[in-house]
Amino acid sequence: MDNDGRTLAPNQGLQPDTLQGVPIRATKRGEERTPLPETYDVLICGASFAGLAVARELAGSGAEVMVVDRYEIGERQTSACGIPTDWLRATGLMEAERQRFDSLLIRMPHGTKRYRLPWTFSTFDYRELCELLWAGCDARFETAKVDGLSAPANGDGAIAVATDRGTLSAPLVVDALGWRRVLARGDGYQPPDAPLSRGLEVHPDGAGEKFEIWIDRRYVPAGYGWSFPARDEVRIGIGSFDPRFHVRETTELLAADLGRDRVGFQGNWIPHKLRPATEGGVFFVGDSAGHCLPLTAEGIRTALYFGIALGRELRGVVEGRQSREQAAVEYARFHDSHEWKFRWMLRVQRLLPRIPPRLLSPLLRALSAKRVVDWSFGHYMRIAPPIPAAGSAHDQHGADQEQRDADHPLRANRDLVEAEQP
Ligand SMILES: Cc1cc2nc3c(=O)[nH]c(=O)nc-3n(C[C@H](O)[C@H](O)[C@H](O)COP(=O)(O)OP(=O)(O)OC[C@H]3O[C@@H](n4cnc5c(N)ncnc54)[C@H](O)[C@@H]3O)c2cc1C
């Protein structure tokens with residue numbers, strides 16, 4: 001239901017304030033940014049991978065869910081949009097796929113190594129993927145800039161959030177706003193001193209066949225470069241584990257080396273360390289909880305994975321099966337159970353730049369045996385394995401609520417992750 005008591009249809013058709021119909025409206029400006037109604041059952045701040053995954057899990061729960069973002073849904077691409085294909089499949093998002101790869105080419109100063117992957121990787125269209133996620137939601141969306149927490153509302157357990165369209169409040173509030181973690185108490189977490197990597201890419205038009213990364217100090221002393229083709233454009237970028245290294249110049253250098261235009265810049269800080277899952281009653285997910293994997297800077301499937309897990313916990317609250325506090329404990333337990341895997345990835349991230357370049361090629365060659373590749377990529381996938389989400393094709397074609405509960409990542413994956421701990 002919306003704030004006027006009307007039941008909102010699932011977001012399948014045209015929605016005035018969203019991207020459900022093309023052409024897409026630009027973000028509301030000036031006098032269009034009118035004050036919004038104040039109270040909701042669930043307030044989700046951030047409408048990218050993490051926020052939309054949470055909202056989709058709440059569809060059909062009867063909760064009045066408000067999603068806000070400073071931009072329209074899908075308006076600003078936040079990544080190179082590479083993800084294991086199985087994740088697109090499990091979440092019913094295959095339509096957004098642009099290109100698929102069954103091998104990874106690693107280019108080093110002293111050689112090139114091709115790894116045949118045990119699973120395929122896909123690039124996708126950001127706007128289309130966000131639209132597909134949104135189509136599975138029955139939430140309301142508005143553009144609003146979130147400024148931070150406001151004073152607690154009315155002492156009724158609701159959490160108040162200050163935005164440029166007024167104060168919004170709900171008993172269940174999600175921060176899916178990215179690394180800035182806007183709804184946390186300020187803890188001085190700022191680059192370049194915080195554990196954040198730096199990423200920048202260009203998006204020239206053109207086609208390509210190879211899914212490539214560069215481990216080459218000519219481009220970045222600690223980190224890697226990439227070229228991910230996506231049917232009619234190529235996403236070429238540099239990620240530096242060291243936030244002090246400026247990547248603009250070498251992003252341009254890599255694009256120039258590949259004979260591509262240096263256009264369509266897109267970049268951000270990328271967290272490489274987990275942060276608390278909850279704080280002050282707010283739930284954090286995606287980059288705001290540090291869910292991006294160290295070493296590879298893969299943060300999309302983890303944003304979806306933890307978003308699905310959080311959405312299921314919140315659904316338990318709105319359906320009266322648990323309290324907000326119980327949901328917070330369960331979600332934090334799930335998040336914490338993955339900490340050792342993130343820690344290991346961070347160790348390798350720190351080790352990689354210390355390996356002398358001339359040893360890198362023989363080392364990676366030694367690790368390219370099929371069984372080693374299958375083993376390591378299998379473990380890597382199991383950090384955040386594909387989970388069918390609510391509203392996905394898998395879900396619609398057979399999984400009822402009971403089955404979803406049985407598939408619940410908190411039941412299955414947390415136990416698996418804990419059991420695997422060394
Ligand atoms: C150059 C680059 C390339 C990358 N490539 C990949 C890749 O190929 N594969 C991969 O898995 N990961 C990649 N990543 C990492 C990935 O982009 C992130 O981990 C992922 O986007 C996290 O999703 P999220 O939903 O948590 O946050 P985001 O996608 O960052 O979304 C945050 C949302 O919050 C909104 N927002 C922020 N502040 C406010 C505010 N104050 N008020 C209102 N709204 C606000 C933003 O508009 C945005 O919609 C890449 C990162 C970078 C920088």
Side-chain angles (χ1 to χ4, degrees), residues 1-9 11 14-20 24-48 50-56 58-59 61-76 78 130 133-134 137-186 278-288 307 310-311 314 317-318 324 328:
M1 295 224 293
D2 71 7
N3 280 278
D4 306 319
R6 288 170 308 193
T7 303
L8 294 172
N11 299 317
L14 271 171
Q15 296 281 312
D17 292 333
T18 72
L19 290 179
Q20 287 313 302
I24 291 131
R25 289 180 47 172
T27 300
K28 282 182 177 158
R29 297 196 192 283
E31 60 191 29
E32 281 187 313
R33 290 176 94 96
T34 50
L36 297 170
E38 189 178 328
T39 55
Y40 307 91
D41 295 330
V42 186
L43 174 61
I44 300 173
C45 302
S48 185
L52 293 174
V54 177
R56 194 159 79 151
L58 290 165
S61 67
E64 197 180 321
V65 180
M66 171 61 113
V67 181
V68 292
D69 197 290
R70 60 187 164 176
Y71 303 119
E72 292 287 351
I73 294 172
E75 188 180 331
R76 294 277 175 115
T78 55
C130 290
L133 281 171
W134 182 242
C137 301
D138 58 9
R140 176 174 176 172
F141 174 77
E142 289 286 350
T143 48
K145 181 175 171 292
V146 177
D147 296 321
L149 283 181
S150 208
N154 308 326
D156 59 358
I159 293 164
V161 172
T163 79
D164 66 347
R165 299 185 69 186
T167 300
L168 312 182
S169 75
L172 298 174
V173 173
V174 175
D175 180 330
L177 294 166
W179 72 269
R180 271 180 218 280
R181 203 175 158 93
V182 178
L183 298 183
R185 288 175 224 105
T278 64
E279 198 183 314
V282 176
F283 295 85
F284 295 85
V285 65
D287 278 7
S288 79
L310 175 57
L314 299 185
V317 180
V318 299
R324 179 175 80 188

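The first residue in the sequence is number 1, and the count goes up from there. The shown structure was predicted, so the numbers you read here are calculated from the model rather than taken from an experiment.
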| task | State whether the side chain of Arg165 and the backbone N or O of Ala144 hold a donor-acceptor pair below 3.5 Å, judged by distance alone. | result | no

| task | Mind checking the OG-CD spacing from Ser48 to Glu75? Nearest 0.5 Å is all I need. | result | 12.5 Å

| query | With a 4.5 Å limit on heavy-atom distance, are the side chains of Val174 and Leu314 in contact? | reply | yes

| Would a 4.5 Å heavy-atom cut-off, applied to side chains only, mark Arg56 and Val54 as touching? | no

| said: Checking Ala47 now: which residues fulfil side-chain contact (heavy atoms from CB on, under 4.5 Å) with it, not counting sequence neighbours? | reply: Leu52, Val67, Asp69, Ile73, Phe141

| Cys137 vs Val65 side-chain heavy atoms within contact, under 4.5 Å | no

| query | What pairs meet the salt bridge (Lys or Arg N to Asp or Glu O under 4.0 Å) rule with one or both residues in residues 167-184, with sequence neighbours excluded? | reply | Arg181-Glu279

| All side-chain contact (heavy atoms from CB on, under 4.5 Å) counterparts of Thr278, not counting sequence neighbours | Phe283, Ala328, Tyr331

| field | Residue pair Cys45 / Val161: nearest heavy atoms and the distance that separates them | value | SG-CG1, 4.3 Å

| field | Val317: side-chain contact (heavy atoms from CB on, under 4.5 Å) partners, not counting sequence neighbours | value | Leu172, Gln322, Ala327

| query | Is a side-chain donor or acceptor of Asp41 paired with a backbone partner of Ala63 at a separation under 3.5 angstrom? | reply | no

| field | Flag side-chain contact, heavy atom, 4.5 Å: Tyr40 against Leu36 | value | yes

| Who passes side chain to side chain donor-acceptor pair (under 3.5 Å) against Ser288, sequence neighbours left out? | none

| Measuring from Glu38:CD to Ser150:OG, what's the distance to the nearest 0.5 Å? | 8.5 Å

| remark: Shortest non-hydrogen pair, Pro171 vs Arg324, comes out as O-NH1, 2.7 Å

| message | Counting C-beta onward and ignoring hydrogens, is there a side-chain heavy-atom pair between Thr143 and Val68 closer than 4.5 Å? | response | no

| task | Tell me, please, which residues at least two apart from Arg70 pass salt bridge (charged side-chain N to carboxylate O under 4.0 Å, His left out). | result | none

| remark: CZ of Phe284 to CG of Leu177, rounded to nearest 0.5 Å, is 9.0 Å

| Over all atoms of both residues, closest heavy-atom pair of Asp138 and Leu58 | OD1-O, 4.2 Å

| task | Identify the heavy atoms of Ile159 and Leu149 that sit nearest to each other, and give their distance. | result | CG2-CD2, 3.7 Å

